[in-house]
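Since this is a predicted model, take the numbers as computed values, not measurements. To find a chain, count down the sequence lines: A is the first, B the second, and so on, and within it residues start at 1.
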Amino acid sequence: MDLSGLNKSQLEAVKTTEGPVMVMAGAGSGKTKVLTTRISYLIGELGVPLDNILAVTFTNKAANEMKERISKILNINAKGMWVSTFHSFSSRLLRLEIDKMPPYTKYFNIIDDDDSLKIVKEIMKEMGDLYTSPKEMRNLISKSKNFLDFKIKDIDRRTEFHKVFDLYEARLKKDNLLDFDDLIIKTIELLTKFPNVLEIYQHKFQYILVDEFQDTNELQYKLMRLLSAKHKNIFVVGDDFQSIYAFRGAKLENINKFQRDFIGTKLILLEQNYRSTKEILNLANNVIINNPNQIKKTMFSENNFGSKPKIYSAYSSYDEIMYVCDKIKELVLDGDSYSDIAIMYRANHISRGFEEQLMKYRIPYKIYGGLSFFSRAEIKDMIAYLRLLIFNDDNFSFKRVVNNPKRGIGKSILDKLELIANESNLSLYDAIPYYKGKGQGASGLVEFKTIIDSIKATIENYKLPDLIDVLLDETGYKDELYRTEDEEVAEDKLNNIKEFKSILKDTDEESLDSNVIKLQGLLGDLALRTNNDDNNDGNSVILTTYHQAKGLEFKDVFMVANEEGIFPSSNTVTDEEIEEERRICYVGITRAKKRLFLTYCNHRRIFGYDTDMSPSRFIDEMDKSLLDDNKVRKAPVVNYNKPIEKKTVVESNNNDIINVGDKVNHKSFGDGVVVAKDGMVITVAFKAEFGIKKLKADHPSIRKR
DNA sequence: AGAAGATAGCTTTTT
DNA sequence: GCTATCTTCT
């Protein structure tokens, strides 16, 4: 096997196959190369069977890429290997073993955050007035599952939480559902409860590799520790500079814990950066140095010098967008292709303005992440219909589609049906024949069952993609779309469904199994799929959040919207949170190979209000000698001075008279002080990131404090 | 039941 | 400024 492309440390990381190894791999230090080479080495040189290796990453894309690279190096098909995300791994294992933990069955359905929120909403709706909003509650539930030291101080809120939590868990259990967090939790539960099962997998996975180790949380760490306890051949790769998932429970302490838990851990440092120019790397080091609690480490590079990162101070977000578009055109004229270029930002909503303008400029672009294809309503509807065809007892899918298209089946009818189902221990679907009653709803139920039954009876007669067309026609879904939506929207949704059909086509051609078996396999893990799985990177500019950009690299990177309140986000306050934001900034900078552009706006529309912005503290912190300052802008660009207009103003119910000097609270901007008054128009100074605004004193969002 | 109109809530970050 | 959800009217 050819290992000549590796440096000394990389080689050591590949060849130290026995015992615990921890690699601290800085940005651009060849981490993926080490991982794939090591796996290939295990298989190709040491003759380890494919099945005895487990590699875990954080994104499907990273997993797929690893498999592809291994396939190439060894000239084998690595598709079936245990190389996946933590969640996919858990799901795969649970499909094999969860039958041991009734009432769950291996046909469990995985629900995404949206579904989960919907369930929480349903539960809370019946509980009346509550302290916590459903969204908050959903957050708390996830936190309680991921943070071992989770606690709610306030006793009322705590009892409320436990009530909802218990109902939520019961509901999931009853319907054979697992949320994302459950995938990991149930896997640990299974392995702990059934030592013989644990034994099997400990024996099986002789070599375990964990990517992005700095982002593992306590549960994920526990899972890996359980599995590796026998062979102790565990290899973890991480970079504490790039730890950006503390909000999801990631524990940097795992790095220290690992060395304590696995005695004799070999520590390997990869400190040479092969990616970026010296100027870019200098800036990255200059940023991260402001994190006092960071373990000191300096990446070095033997790469050539390039140009200094450029910084641009824009008047408005429109101005910022135009600057970026102009620069992209220049870069392409200079010979770069669109796919060399990425626009990166802290929060997804920033992409909107860029999309519009890129389209106008005819610059091809692709949004990386954002709303997942599989979380679109029409796709979820199709999946639910398919699931119901295969699994009649899937109550969750049943509820999603029974009245979609409308069949006159409302809540009261469903409640009655549920009662019947519970009494005779049937699924909602099987309870339909026992539903006594007449009227639209009753006949709607019967009609629904007839349609599903008839499609089910002929399911093997079609190719899988054609099955979707049958569903669209027979259920009336297509007609309903055209009836209730604008034509454009309907076409759009049907296009998405068409894309979904192509996924079914792939599944169809993969095996000679029956349609039912094929669907059982496919439907299992659709919830875990994301947009970015297929990297058919054509020639497009990539728009992405910093989080999603991790692990990627681009020749030219634009970091946009570097403003206080956006980046760092206004939600981050504590020192620890700010330090995480700074690491996000580090991740952004180190994505760039050749050219880096930083921009910020002095004005931005936030929640529909024109807002004064100030540059990000991360910009302030940068040593200006490392930057090429481009902030010459002649005149403010038009398009910005649109008057603030509210469609409706409602009389506020408190008749407080608001005067200059009064404290007020605005729903979106928080507390502020009235600095001027002109009739009913007050001028309020809010927190720095929201600046000074003119508002109507009787606007419902305003309250006197 | 369903269209039209009004309003609240929203923007972290992801599997 | 956008969108999901609630309210009101037919």
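Phe247(A) is linked by a ring-ring contact (aromatic ring centres under 6.0 Å, His included) to Tyr245(A), His547(A), counting only residues two or more places apart in sequence or in another chain. With sequence neighbours left out, Tyr365(A) forms a side chain to side chain donor-acceptor pair (under 3.5 Å) with Glu355(A). Residues satisfying the salt bridge (charged side-chain N to carboxylate O under 4.0 Å, His left out) test with Glu136(A), not counting sequence neighbours, are none. Here Tyr168(A) pairs with nothing under the ring-ring contact (aromatic ring centres under 6.0 Å, His included) rule; sequence neighbours left out. Listed by chain and residue number, nothing satisfies the ring-ring contact (aromatic ring centres under 6.0 Å, His included) test with Tyr477(A) (two or more places apart in sequence, or in another chain). Every residue two or more places apart in sequence or in another chain that forms a salt bridge (charged side-chain N to carboxylate O under 4.0 Å, His left out) with Lys31(A) is listed here: Asp211(A), Glu212(A). In terms of the salt bridge (charged side-chain N to carboxylate O under 4.0 Å, His left out) criterion, Glu378(A) has no residue partners (sequence neighbours excluded). Evaluation of the side chain to side chain donor-acceptor pair (under 3.5 Å) rule for Asp575(A) yields no partner, not counting sequence neighbours. In terms of the salt bridge (charged side-chain N to carboxylate O under 4.0 Å, His left out) criterion, residue partners of Glu621(A) (sequence neighbours excluded) are, by chain and number, Arg582(A).
Rounding to whole angstrom units, CD1 of residue Ile111(A) and P of dT14(B) are separated by 19 Å. Atom pair Glu212(A):CD and dT13(B):P shows a separation of 19 Å (rounding to whole Å applied). Look at CZ on Arg346(A): it is 11 Å from C1' on dT14(B), rounded to the nearest Å. Straight-line distance from the CD atom of Glu581(A) to the C1' atom of dT11(B): 13 Å, rounded to whole Å. As rounded to whole Å, 20 Å separates atom P of dC10(B) from atom CZ of Arg604(A). Taking atom CG of residue Asp113(A) and atom C1' of nucleotide dT14(B), one finds them 8 Å apart after rounding to whole Å. In this structure, Phe247(A) places its CZ atom 8 Å from P of dT13(B), rounding to the nearest Å. Taking atom OH of Tyr609(A) as the reference point, atom C1' of dG9(B) lies 12 Å away to the nearest angstrom.
Of the side-chain N and O atoms in Gln548(A), one or more sit less than 4.0 angstrom from OP1 or OP2 of dT14(B). OP1 or OP2 of dT13(B) lies within a sub-4.0 Å distance of a side-chain N or O belonging to Asn348(A). The shortest distance between the side-chain N/O atoms of Lys135(A) and the OP1/OP2 oxygens of dT11(B) is below 4.0 Å.
Residue contacts shown for Asp112(A) are absent, as no nucleic acid heavy atom lies under 4.0 Å away. Residue Tyr245(A) is in sugar-phosphate contact alone, with no base atom involved, counting any heavy-atom pair closer than 4.0 Å across all strands shown.
For Phe607(A), counting side-chain heavy atoms from C-beta on, the closest listed nucleotide (dT11(B), dT13(B), dT15(B)) is dT11(B). For Thr545(A), whose side chain is taken as the heavy atoms from C-beta onward, the closest listed nucleotide among dG1(C), dT14(B), dG2(B) is dT14(B).
Of the residues in residues 82-98 of chain A, those with a non-hydrogen atom less than 4.0 angstrom from any atom of DNA chain B are Thr85(A), His87(A). Across residues 138-145 of chain A, not one residue has a non-hydrogen atom less than 4.0 Å from an atom of DNA chain B.
When each of Ala347(A) and Ser133(A) is assigned the nucleotide of DNA chain B bearing its nearest heavy atom, the one mapping closer to the 5' terminus is Ser133(A). Nearest-nucleotide mapping onto DNA chain B: of His349(A) and Phe58(A), the residue sitting toward the 5' end is His349(A).
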Which atom pairs link the protein and nucleotides 3-5 of chain C when you take only N or O atoms and keep those under 3.5 Å?
residue : atom : partner   : partner atom : Å
dT5(C)  : OP1  : Lys121(A) : NZ           : 3.2

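Taking the centre and axis of the six-membered ring of Tyr546(A), the NZ or CZ atom of Arg346(A) falls outside the cone set by 45° and 6.0 Å.
Here Asp112(A) pairs with Lys380(A) in a salt bridge; the nearest charged N to carboxylate O distance falls below 4.0 Å. Lys550(A) and Asp215(A) are joined by a salt bridge, as a carboxylate oxygen and a charged side-chain nitrogen come within less than 4.0 angstrom of each other.
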